[in-house]
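Just so you know, ligand 1 is whichever comes first in the structure, and atom 1 is the first atom listed for that ligand. One is the number of the first residue; the rest follow in order along the sequence.
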Amino acid sequence: MRAPIKFRYFQRIVFFTGAGMSAESGIPTYRGAGGLWKEYNYEDFACQRAFERDPSSVWDFHDKRREMVQSKEPNPGHRIVSAVQTRQPNTIIVTQNIDGMHQRAGADPDAIAELHGSLWRLRCDAENKVRADDSVPMNPRKCSCGGYWRPDIVWFGDQLDHRVVRRAREALEECDLLVSIGTSAVVYPAADMPRYAKQAGAVTVEINLEDTAMSGLYDHHLRGKASEVLAELDAV
Ligand code: BV8
């Protein structure tokens, strides 16, 4: 595949990433074969109602995910995205992923907008506290107020953090290149965000193994594995 574009042609790049970005690290996607939501019903393990009903089984589920993600490594695709971000500091990563792999691949945490939160952050809503935590299993599960710590993840039905949404929207409206990587574009409001870049006149590229619900929005459809296609776009 001859890459129609090269990262070095652009000044303000946004990488918009989904679970397909981490698939080559061995982290299951949500909807693909062996997808997380194929095996688990998020209504039992990943929503506010389940957490209020049975916080310890929600934590058992998230401990399994923390353990699995901690046992994996960032893949060459993550490393290229971080290298571009280091080389071209106006680069912003807007991700739906909660796995923290972009940070582990060396990307600047201040240049990452985690739309759906993180596996590695906890919050106590009673005391309005948020803290980073990478203990596996997560311990102690209870806050000093006696309430359970909650994974700082945006579950279905949860509002996204308006500060993160605003930051992502600003980056998308100011970018000159949008590169969407490994998302099926079916979950809202994230799925709609690339539209801000298109409307602002940016060049738009979709990297995916297959067409998605949003493919029509993109100027370039690069079909292949994220790490391989990214290597092409990064090559001099
Ligand atoms: C909200 C964290 C206010 C949790 C996640 C408008 C229309 C319809 C419905 C709604 C709407 N607005 C709101 C809703 C409801 C809902 C929604 O969108 N439902 C969908 C399912 C229809 N949205 C919400 O609830 C949001 N909150 O809107 O609040 C509100 C509330 C209620 C009602 C109205 C308004 C919150 C959504 C966030 C949920 N949390 N994640 C956790 O992980 O536990 S979503 C989760 O799934 C991901 O974060 C991601 O966002 C999403 C989709 O996953 P993808 O990343 O795209 O992964 P997927 O597996 O689907 O696809 C992988 C892709 O990669 C594939 O295309 C594959 O081909 C490709 N691929 C695979 N390998 C590779 C590859 N590509 C390249 N290389 C490879 N190697």
**Student:** Flag Lys225 as yes when one of its N or O atoms lies below 3.5 Å from any N or O atom of ligand 1, and as no otherwise.
**Tutor:** no
**Student:** Hey, does Gly157 come in under 3.5 Å of ligand 1, counting only N/O atoms on both sides?
**Tutor:** yes
**Student:** Looking at residues at least two apart in the chain, or sitting in another chain, which of them share a side chain to side chain donor-acceptor pair (under 3.5 Å) with Asp176?
**Tutor:** none
**Student:** Check each heavy atom of Arg65 against ligand 1 and say whether those closer than 4.0 Å belong to the side chain, the backbone, both or neither.
**Tutor:** side chain
**Student:** Between the candidates Glu24, Glu228, Glu210, His62, which shows the shortest non-hydrogen contact distance to atom 80 (N) of ligand 1?
**Tutor:** Glu24
**Student:** Heavy-atom distances under 4.0 Å are what count here, so tell me which part of Val229 touches ligand 1: side chain, backbone, both or neither.
**Tutor:** neither
**Student:** Regarding ligand 1, does Ile153 bring an N or O atom to under 3.5 Å of one of the ligand's N or O atoms?
**Tutor:** no
**Student:** Does Leu160 reach ligand 1 with a nitrogen or oxygen that is under 3.5 Å from one of the ligand's nitrogen or oxygen atoms?
**Tutor:** no
**Student:** With distance as the sole criterion, is a donor-acceptor pair present between the side chains of Ser227 and Asn75 under 3.5 Å?
**Tutor:** no
**Student:** Tell me the contacting part of Ile98 for ligand 1: side chain, backbone, both, or neither, using a 4.0 Å heavy-atom threshold, strictly below.
**Tutor:** side chain
**Student:** So is Met21 close enough to ligand 1, meaning a heavy atom under 4.0 angstrom away?
**Tutor:** no
**Student:** Evaluate Tyr30 for polar contact with ligand 1, using N/O atom pairs at a separation under 3.5 Å.
**Tutor:** yes
**Student:** Residues in side chain to side chain donor-acceptor pair (under 3.5 Å) with Thr91, at least two apart?
**Tutor:** none
